[in-house]
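Below is one structure, written out as structure tokens; the observations come after it.
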Amino acid sequence: MALDSGTTAWLLISTALVMLMTPAVGFFYGGLVRKKNIISMVALSFIVFALVSIQWVLWGYTLAFGPDIGGFIGGLQYLGLEGIGTTSPDAAYPPLLFVAFQLVFATVTMAIVTSGFAERVRLSAFIVFALLWTTLVYDPLAHWAWGGGWAMAFGSLDFAGGTVVHISSGFAALAVALVVGKRAGFGQYTMEPSNIPMTLLGAALLWFGWFGFNAGSALAANDIAATAFLVTNTSAAAGALSWLLASWVRGKPSSLGMVSGAIAGLVAITPAAGFVTIPASIIIGAVAGLICYACLLWRQKSGLDESLDAWSIHGMGGLWGALATGIFAAAAVNGYSGLIEGNVQQFIANAAGAFAALAYAFIVTLILAKVVDMTLGLRVSEEEEYVGLDLSQHGERV
Amino acid sequence: MALDSGTTAWLLISTALVMLMTPAVGFFYGGLVRKKNIISMVALSFIVFALVSIQWVLWGYTLAFGPDIGGFIGGLQYLGLEGIGTTSPDAAYPPLLFVAFQLVFATVTMAIVTSGFAERVRLSAFIVFALLWTTLVYDPLAHWAWGGGWAMAFGSLDFAGGTVVHISSGFAALAVALVVGKRAGFGQYTMEPSNIPMTLLGAALLWFGWFGFNAGSALAANDIAATAFLVTNTSAAAGALSWLLASWVRGKPSSLGMVSGAIAGLVAITPAAGFVTIPASIIIGAVAGLICYACLLWRQKSGLDESLDAWSIHGMGGLWGALATGIFAAAAVNGYSGLIEGNVQQFIANAAGAFAALAYAFIVTLILAKVVDMTLGLRVSEEEEYVGLDLSQHGERV
Amino acid sequence: MALDSGTTAWLLISTALVMLMTPAVGFFYGGLVRKKNIISMVALSFIVFALVSIQWVLWGYTLAFGPDIGGFIGGLQYLGLEGIGTTSPDAAYPPLLFVAFQLVFATVTMAIVTSGFAERVRLSAFIVFALLWTTLVYDPLAHWAWGGGWAMAFGSLDFAGGTVVHISSGFAALAVALVVGKRAGFGQYTMEPSNIPMTLLGAALLWFGWFGFNAGSALAANDIAATAFLVTNTSAAAGALSWLLASWVRGKPSSLGMVSGAIAGLVAITPAAGFVTIPASIIIGAVAGLICYACLLWRQKSGLDESLDAWSIHGMGGLWGALATGIFAAAAVNGYSGLIEGNVQQFIANAAGAFAALAYAFIVTLILAKVVDMTLGLRVSEEEEYVGLDLSQHGERV
Amino acid sequence: MMIKAIIRPERLEFVKQELEKAGINGMTIREVQGRGDQKGITLTYRGGKMNVDFIPKTMVDVVVADEMAEKTTEIIMKAARTGKVGDGRIFIIPVVRSFRIRTGEEVQ
Amino acid sequence: MMIKAIIRPERLEFVKQELEKAGINGMTIREVQGRGDQKGITLTYRGGKMNVDFIPKTMVDVVVADEMAEKTTEIIMKAARTGKVGDGRIFIIPVVRSFRIRTGEEVQ
Amino acid sequence: MMIKAIIRPERLEFVKQELEKAGINGMTIREVQGRGDQKGITLTYRGGKMNVDFIPKTMVDVVVADEMAEKTTEIIMKAARTGKVGDGRIFIIPVVRSFRIRTGEEVQ
Ligand SMILES: Nc1ncnc2c1ncn2[C@@H]1O[C@H](COP(=O)(O)OP(=O)(O)O)[C@@H](O)[C@H]1O
Ligand SMILES: Nc1ncnc2c1ncn2[C@@H]1O[C@H](COP(=O)(O)OP(=O)(O)O)[C@@H](O)[C@H]1O
Ligand SMILES: Nc1ncnc2c1ncn2[C@@H]1O[C@H](COP(=O)(O)OP(=O)(O)O)[C@@H](O)[C@H]1O
């Protein structure tokens with residue numbers, strides 16, 4: 001296929017947009033923690049970005065997109081990007097650009113996982129964990145869904161990463177939080193977000209970047225990209241409003257609730273973006289806002305300290321999105337039908353893909369975190385935690 | 001017409017750029033208010049974005065771009081985007097993408113109007129007002145200028161929204177400020193901007209996003225887009241410098257003055273962007289900086305509390321831009337001549353379009369605001385205002 | 001050549017991305033200074049952006065890209081952009097768009113130079129200096145490398161501005177710092193960065209914008225752009241990690257070190273982006289992180305107050321990048337071979353281009369700064385410095 | 001004596017002006033948060049009510065010669081008053097000795 | 001008397017509650033940074049150690065009638081205590097006179 | 001006694017060091033803004049002049065045994081001095097009683 005400059009232009013800028021999401025996660029999370037840990041939280045995202053950027057070109061890409069081995073993982077053919085040419089007979093864009101586009105998905109996924117470590121992780125151990133996680137959890141999951149693995153073969157639809165990115169990172173954050181344990185003082189005194197405007201900035205950049213994430217996943221500048229763009233926005237808006245209203249009934253409608261709802265809507269539409277209609281996207285987003293809000297309330301009541309809520313928003317929002325894709329996919333949009341159009345098989349395939357990803361991510365993360373914790377110690381000392389990670393891990397102060 | 005991938009790529013990213021402008025307005029305004037209202041100000045922009053995103057796909061788009069009814073409003077044919085196909089014989093881009101592109105114009109317009117409500121609006125009443133305003137003011141004005149309405153038929157030129165976006169929102173903010181009244185204590189003690197860097201960040205993102213706004217309005221990746229891009233930048237720069245210098249004569253050259261001048265230049269070039277030459281853009285921007293600065297000084301002296309100055313910058317800058325388009329349009333650029341090239345008719349058409357939009361926006365907003373105020377109460381209680389909207393409306397604190 | 005919409009779309013958005021880098025430099029620097037000078041530091045970038053935007057369209061562009069005069073400077077044929085048509089037989093994009101793309105390179109270069117003025121420059125004198133500098137230093141250097149000047153003729157490779165942008169601005173900042181002298185109290189008490197999250201935000205936006213800078217410099221949406229994109233990212237990541245690790249050995253791994261390393265990697269890959277392979281980019285970035293960190297340590301020990309380190313990062317990183325381009329250029333990527341492939345000539349050409357730019361920038365800046373200092377006084381009074389530039393130059397306060 | 005006044009931030013300008021008229025220029029201020037006997041402000045909204053415990057205030061320290069204490073207090077009190085709840089408090093605290101760092105001299 | 005307590009920020013909530021139970025509502029707080037006799041906290045890491053000099057604390061000023069001073073001190077002391085280094089200090093400072101700005105009246 | 005010093009922020013490091021040499025470690029600091037008898041700093045510029053009322057300062061509270069008060073004051077005064085306007089002030093304020101929260105014990 002000849003290289004198409006319009007498609008290439010769109011993929012180039014989409015990659016840049018998605019790249020911005022990794023620091024955006026940092027700012028989103030940074031505003032939610034206490035003042036003494038803001039820098040640490042933002043820095044984790046940057047570190048993740050740098051680490052995974054190198055891992056991906058060295059061995060991550062080939063594990064995800066190398067020739068399929070047993071439906072589970074890619075072979076090592078493209079180690080160090082060996083053999084990735086500048087043009088390809090199958091694509092209207094340069095193959096290296098596809099590598100870059102996929103790279104930024106891997107980084108942002110790892111960044112979401114930092115939620116579970118908030119305000120208590122030892123930097124050195126985190127780096128080891130991150131390398132292991134992206135290699136042993138992200139890369140296989142990317143292979144399953146997009147690289148020719150079993151889920152793809154089974155017909156499970158994941159347009160832009162509902163399972164690969166969100167279910168995986170959300171449930172991984174949960175596993176991590178269980179392993180590292182609660183922050184000192186959690187439950188005894190309030191730990192309020194210390195920089196809400198920073199979180200709002202992160203949310204704005206995430207929303208902005210998500211257009212590259214979802215509409216870019218069309219891998220073309222065409223009508224599917226346009227649909228993905230608009231449903232992404234509509235779902236986010238619906239999620240923002242439904243969370244806002246639901247929380248209003250219970251008290252004050254906080255700005256954090258609103259942007260959490262927007263993220264919930266963005267997460268849920270991610271696997272569905274190229275397959276559903278505008279009205280469906282409103283429903284998907286609105287329901288996502290409600291589900292994630294309910295999960296957050298449950299998480300709070302349960303005393304679980306996964307307090308930046310990657311689990312309730314990305315994990316549960318992603319799960320809902322994967323199922324919703326199986327429900328709402330409309331043949332008129334992209335040729336795939338879901339439950340509503342009578343295609344039970346699609347729903348089953350999507351549910352299978354989602355739950356398999358969930359289980360794999362949760363269990364393997366649990367093991368990885370436990371191993372790293374027992375060998376290197378994932379958690380800082382009590383004094384370091386008290387002083388804050390900014391000072392104790394970075395020697396810096398806001 | 002066949003879909004053109006380059007054009008589609010440019011419209012996709014332009015839409016994302018303009019999307020970013022709505023939170024950018026929030027940050028711009030957020031930095032200008034007192035500390036206790038920063039979150040509220042940013043949140044208003046996000047809420048506007050979510051609300052109008054849903055309104056637009058449900059009924060806003062069809063009111064603006066549905067089949068013309070009497071030159072005033074669009075018919076309901078596209079309610080819920082019914083019947084908007086994935087390709088179109090008239091366009092080189094997917095029709096849904098045009099919907100998305102127009103959506104982000106509607107949201108940012110409404111966000112600008114929040115200026116008039118600053119630091120004193122009751123959230124619930126605002127939501128009702130916003131839905132009414134975007135439906136009854138924005139949608140008709142968009143129809144007049146771009147959707148086949150009378151102004152378009154009359155030959156009034158508005159490249160990217162000088163009347164639709166800026167005159168309308170600026171004069172609406174004025175009307176709102178008149179209805180809700182001054183902030184408690186206004187004129188008695190100083191109310192200084194509490195986060196100037198946040199305003200500078202908002203300004204940077206606005207300037208950035210404006211390239212999508214103006215150059216995207218070419219609806220093609222071609223030479224008109226390139227012209228629009230460069231005149232946009234030049235006018236902004238000229239506005240920044242003229243305001244800077246004018247304010248320097250009177251005192252210190254503040255950074256807020258400089259970015260206000262840049263926004264003034266951006267506003268003024270908006271209707272003209274596809275029609276004028278580079279030298280003309282320098283004049284348009286520089287004059288905009290001076291006019292808007294003078295209006296701001298007058299506004300301050302008059303004791304009017306429209307203190308984020310949507311009126312003096314967007315309203316008056318937009319008015320100047322609409323007239324300037326009728327003056328400076330050069331046939332060599334895009335086939336249209338203005339006053340300078342002897343085409344009086346163009347100037348008249350533009351003046352008519354501008355003043356009609358001004359009058360319509362001002363009067364209808366006045367009525368709407370009054371009605372909402374009398375029924376729901378637009379303004380918070382004195383105590384809520386004293387405590388600040390962050391706490392009283394959102395239960396949050398910077 | 002017919003206009004290509006995909007190429008045009010990519011250049012439009014690349015121009016917008018690079019535009020964002022100028023305020024991003026402002027935020028990056030703003031976070032590094034003391035609280036009383038944050039606004040000043042950000043404002044300098046905005047002022048530079050406005051000034052150079054006007055200068056460029058009036059006479060800057062023609063000095064850089066006008067018909068060659070003796071290999072040194074462009075002629076005045078395009079004064080005021082006279083005669084720049086909307087299409088061109090040589091390019092797949094509108095010529096005005098090339099003007100805009102080059103404009104944003106000129107602005108960001110000038111913004112980097114503000115490092116040398118930090119916390120002590122008189123605004124009025126700075127404006128005069130900036131106009132002189134961009135005209136007498138930047139415009140000729142751009143001509144040398146890209147506008148048909150001697151370096152281009154000599155075969156010196158500079159893909160996206162290693163010499164023109166980074167060596168020039170870095171060594172100019174050094175010269176400026178030598179002329180204006182140390183900040184009052186420098187060396188006597190610590191002057192800690194007062195807003196690290198702002199610097200991290202600047203870094204995120206710089207990284208984001210750099211994709212437009214480097215991949216946009218392919219001037220096409222093709223495989224070279226894709227390569228440039230990915231090596232840019234990889235080099236940045238390698239730089240971030242190498243600086244992080246090197247500083248870890250000596251103490252705490254600070255977030256500022258990490259982003260400084262990322263910028264070092266970005267700077268070093270800039271001249272090489274279209275010519276080298278992915279593995280080479282990892283080496284270039286990692287070495288850049290180490291070199292720039294070493295230079296920063298040396299700069300600190302030497303007691304030189306060029307404390308925002310444009311010299312050690314942009315100047316020395318750019319120098320390394322220019323040499324590295326001559327070393328690592330691989331024919332397989334873009335037809336050019338470097339030292340490793342046995343092409344000594346390429347290395348010599350690049351070294352010549354780099355050292356000539358270095359010497360020219362350093363010496364001319366020294367003279368310019370001295371002249372402006374002796375006539376207008378580049379430095380504020382002691383009291384103004386003590387109170388801070390925000391108040392004394394802008395009448396504003398964070 | 002140190003006159004320590006906790007006032008509404010928006011009255012600072014007046015307080016400063018009035019003190020200046022009386023020739024009292026030296027002072028040190030800072031932002032604090034306070035609550036009085038009313039335990040802050042209670043806001044009601046649909047579905048509940050919310051108590052805003054701590055309200056931002058400005059603390060002003062003015063050290064004056066003992067014989068000036070009463071007059072200074074008077075001036076601040078008048079300039080800071082709005083008559084509504086939340087106007088703040090003034091405490092007079094003894095100062096044993098007082099120095100000017102620049103000269104090292106003891107002030108009165 | 002002014003009870004000036006320098007406490008851990010995370011104990012403020014308890015201190016406030018306990019005081020409230022005893023009917024003591026008025027107070028003024030602010031963020032400060034402090035170090036005690038241990039000169040802050042020393043962290044060790046690979047390659048060195050680092051002394052964190054100043055630790056964020058909350059300063060609470062409560063002005064009470066003289067006879068309440070002891071009780072107030074007791075309450076704060078109990079509510080703020082964790083038993084670990086860094087719990088803070090309480091200083092009792094005399095207040096010569098005390099006024100309510102709103103009414104101008106002198107408070108006890 | 002509480003030695004309350006209002007100093008230039010950039011002198012804090014020296015003050016801390018000098019106090020430490022004398023074995024005085026405990027202290028509480030915060031950022032404040034102040035103006036002295038010169039009513040701040042007046043800057044002139046083309047077209048006018050501008051008065052910067054409040055200049056950022058650091059307030060240092062050191063509570064010491066009464067017999068240490070003079071020496072502490074001396075140390076701070078010397079370490080904080082630059083000799084230029086704006087060096088600040090030191091006030092000595094009586095402390096009636098003083099407690100350590102961790103142990104509940106009264107300090108001297
Ligand atoms: N007993 C007290 N001790 C210390 N500060 C007090 C005391 N009472 C009041 N204040 C301070 O004075 C401020 C104003 O108090 P007050 O006039 O009673 O109004 P409000 O009830 O609105 O806080 C409080 O916010 C607090 O900072
Ligand atoms: N002599 C003192 N003068 C003023 N403040 C003090 C003094 N000693 C201690 N403090 C304050 O009390 C806080 C707690 O002190 P302390 O309990 O000794 O713990 P730490 O050694 O962890 O600081 C200090 O951070 C400081 O704010
Ligand atoms: N009478 C006073 N009461 C309280 N604080 C004072 C008084 N006089 C001076 N100060 C504090 O001391 C600081 C330094 O004052 P001074 O040495 O007179 O210099 P300057 O005139 O530059 O402020 C002031 O900024 C203020 O914080």
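Just so it is clear, the structure is predicted and the values come from calculations on it, not from any experiment. Protein chains get the first letters and strands the later ones, always in sequence-line order, with residue 1 at the start of each.
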Any side-chain heavy-atom pair from D:Arg102 and F:Arg81 closer than 4.5 angstrom? no

How many angstroms lie between CG in F:Asp53 and CD in D:Glu13, if you round to the nearest 0.5 Å? 7.0 Å

Min side-chain heavy-atom separation F:Asp37-D:Arg100 under 4.5 Å: yes

Among D:Val96, D:Thr103, D:Val107, which residue forms the greatest number of heavy-atom pairs with chain F at distances under 4.5 Å? D:Val96

Side chain, backbone, both or neither of D:Met2 within contact of chain F (heavy atoms, under 4.5 Å): side chain

Contact origin within F:Glu31 toward chain D - heavy atom pairs under 4.5 Å: backbone

Checking heavy atoms, do the side chain of F:Lys57, its backbone, both or neither come under 4.5 Å from chain D? neither

Hey, which of F:Gly88, F:Ala69, F:Gly34 has the most heavy atom pairs under 4.5 Å with chain D? F:Gly88

Could you tell me which non-hydrogen atom of D:Pro94 sits nearest to which non-hydrogen atom of F:Pro94, and how far apart they are? O-CD, 3.3 Å

Would you check, one step at a time, whether the test salt bridge (charged side-chain N to carboxylate O under 4.0 Å, His left out) holds for F:Arg89 with D:Asp61? CA-CA 12 Å; F:Arg89 301 283 302 265; D:Asp61 287 356; over 6 Å; no

Which atom of F:Arg35 lies closest to which atom of D:Asn25, heavy atoms considered: NE-O, 3.2 Å

Under a 4.5 Å heavy-atom cut-off, does chain D meet the side chain of F:Phe54, its backbone, both or neither? side chain

Part of D:Ile93 lying under 4.5 Å from any heavy atom of chain F: side chain

Tell me, do F:Met1 and D:Arg97 make a side-chain contact under 4.5 Å, heavy atoms counted? no

What part of D:Val60 gets within 4.5 angstrom of chain F, counting heavy atoms only: side chain, backbone, both, or neither? neither

Report which part of D:Val95 has an atom under 4.5 Å of a heavy atom belonging to chain F: side chain, backbone, both, or neither. both

d(D:Ile101 CD1, F:Thr82 OG1) to nearest 0.5 Å is 9.5 Å

Count the heavy atoms belonging to other residues, nucleotides or ligands that lie under 6.0 Å from CD of D:Glu106, then report whether that count exceeds 12. yes

Got a second to check how far F:Met59's CE is from D:Thr28's OG1, nearest 0.5 Å? 5.0 Å

Is the CD atom of D:Gln17 crowded by more than 12 outside heavy atoms at less than 6.0 Å? yes

